[in-house]
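Along the sequence shown, residues carry numbers from 1.
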Amino acid sequence: MTNLLLSVMSFKEIAVHQESYCAIFSAGMSSACVVDIGAQQTSITFVDEGLINADTRIKLDYGGDDITSSMVSLLERSSFPYRDLDLAKAQEWLMMDNLKIKICTLEEHLVASTPWDFYRLKSEGLTEKYNFRTYDENILAPLVCVSTSALLITVLL
């Protein structure tokens with residue numbers, strides 16, 4: 001199958017590397033700790049002088065979706081303006097996931113009363129603009145990757 005694929009695509013050779021190796025190579029580094037946060041799992045790999053240390057590979061069963069859920073939980077408890085939020089609807093999940101990408105950070109200097117806005121697409125094709133402020137919610141949400149006890153708080157509330 002591989003030979004057929006190579007001949008159809010006009011390649012003479014193919015190289016397969018692990019993503020952590022490719023990440024440090026593209027960054028011009030030879031050693032690093034590579035943290036890959038996916039939607040549902042996070043993987044951590046240490047690469048030393050271009051060699052992946054298999055004993056240091058860790059896979060965790062939480063990721064970006066958990067950050068989105070915890071962010072929504074935190075925002076709903078701190079007077080989030082959009083009250084009819086239903087994460088079971090794909091469009092609203094995507095809206096909140098995009099908001100997570102926009103506001104979530106681990107930069108401590110952003111713990112402040114920071115104004116944000118987002119747009120909600122209505123069924124008639126119109127949009128509604130919502131304004132809100134965060135203090136530390138945008139930093140607490142990504143901390144579920146560090147302290148999984150925050151996931152329990154999100155589930156209980």
Side-chain angles (χ1 to χ4, degrees), residues 1-2 5 13-121 130-157:
M1 180 68 179
T2 306
L5 179 64
E13 295 181 55
I14 187 169
V16 178
H17 293 286
Q18 291 196 359
E19 61 191 16
S20 53
Y21 175 77
C22 294
I24 67 156
F25 180 74
S26 65
M29 304 166 75
S30 62
S31 299
C33 174
V34 180
V35 179
D36 178 16
I37 302 175
Q40 297 176 353
Q41 72 178 13
T42 300
S43 63
I44 303 167
T45 306
F46 288 92
V47 182
D48 184 30
E49 295 300 325
L51 298 173
I52 297 171
N53 188 342
D55 294 336
T56 64
R57 297 188 70 194
I58 301 170
K59 286 209 183 260
L60 306 170
D61 289 330
Y62 48 86
D65 288 351
D66 297 303
I67 296 172
T68 302
S69 297
S70 66
M71 180 196 72
V72 168
S73 177
L74 289 166
L75 290 176
E76 285 177 335
R77 285 186 272 153
S78 60
S79 66
F80 190 61
Y82 182 41
R83 295 285 179 205
D84 300 326
L85 183 62
D86 182 7
L87 291 181
K89 296 179 181 176
Q91 181 175 345
E92 294 194 6
W93 175 268
L94 184 60
M95 174 182 68
M96 295 310 290
D97 199 51
N98 287 333
L99 187 61
K100 170 195 71 177
I101 292 167
K102 180 179 177 181
I103 74 169
C104 283
T105 184
L106 289 174
E107 297 181 41
E108 293 176 355
H109 71 276
L110 292 175
V111 175
S113 182
T114 310
W116 303 98
D117 60 28
F118 71 97
Y119 295 89
R120 176 185 163 259
L121 182 62
Y130 289 90
N131 296 309
F132 66 101
R133 289 186 171 275
T134 59
Y135 180 68
D136 59 357
E137 295 87 357
N138 56 329
I139 292 175
L140 290 175
L143 286 179
V144 299
C145 293
V146 177
S147 173
T148 55
S149 62
L151 290 173
L152 295 174
I153 293 169
T154 302
V155 171
L156 294 175
L157 297 176

Show the nearest heavy-atom pair for residues [X] and [Y], with the distance to one decimal.
X      : Y      : value
Pro142 : Asn138 : CD-O, 3.4 Å
Ser26  : Ala23  : OG-O, 3.0 Å
Ser70  : Ala141 : OG-O, 3.2 Å
Trp116 : Lys102 : CZ3-O, 3.9 Å
Ile24  : Ser31  : CD1-N, 4.3 Å
Glu108 : Ile139 : CA-CD1, 4.1 Å

Would you say [X] and [Y] make side-chain contact, with heavy atoms under 4.5 Å?
X      : Y      : answer
Gln91  : Leu121 : yes
Phe80  : Met96  : yes
Thr42  : Val35  : yes
Glu76  : Val72  : yes
Tyr119 : Met95  : no
Asp36  : Glu19  : yes
Asn131 : Asp117 : yes

Calculate, to the nearest 0.5 Å, the distance between atoms [atom1] and [atom2] belonging to [X] and [Y] respectively.
X      : Y      : atom1 : atom2 : value
Ile37  : Ser43  : CD1   : OG    : 9.5 Å
Ile52  : Gln18  : CD1   : CD    : 4.0 Å
Ser30  : Leu51  : OG    : CG    : 10.0 Å
Thr134 : Leu140 : OG1   : CG    : 10.0 Å
Thr56  : Ile58  : OG1   : CD1   : 7.0 Å

Problem - Parallel, tilted or perpendicular: rings of Phe118 and Phe132 (30°, 60°) - result: perpendicular

Donor-acceptor pair, [X] side chain versus [Y] backbone, under 3.5 Å?
X      : Y      : answer
Ser73  : Ser69  : no
Thr105 : Glu107 : yes
Asp66  : Gly63  : yes
Arg57  : Thr45  : no
Glu137 : Tyr135 : yes

Practice task
Decide yes or no on side chain to side chain contact (heavy atoms under 4.5 Å, CB included) for Ile44 and Val34, but give the supporting numbers first.
Solution key: CA-CA 6 Å; Ile44 303 167; Val34 180; over 6 Å; no

Practice task
Report the C-alpha separation of Lys100 and Thr68 in whole Å, then their side-chain angles, then the decisive distance to 0.1 Å, and conclude whether the side chain to side chain donor-acceptor pair (under 3.5 Å) test is met.
Solution key: CA-CA 6 Å; Lys100 170 195 71 177; Thr68 302; 3.2 Å; yes

Practice task
Check whether the side chains of Gln40 and Tyr62 place a donor and an acceptor atom closer than 3.5 Å, and report yes or no.
Solution key: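 No, Tyr62 and Gln40 have no side-chain donor paired with an acceptor closer than 3.5 Å.
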
Handout entry: Evaluation steps, side chain to side chain contact (heavy atoms under 4.5 Å, CB included), between Leu75 and Leu85
Key = CA-CA 11 Å; Leu75 290 176; Leu85 183 62; over 6 Å; no

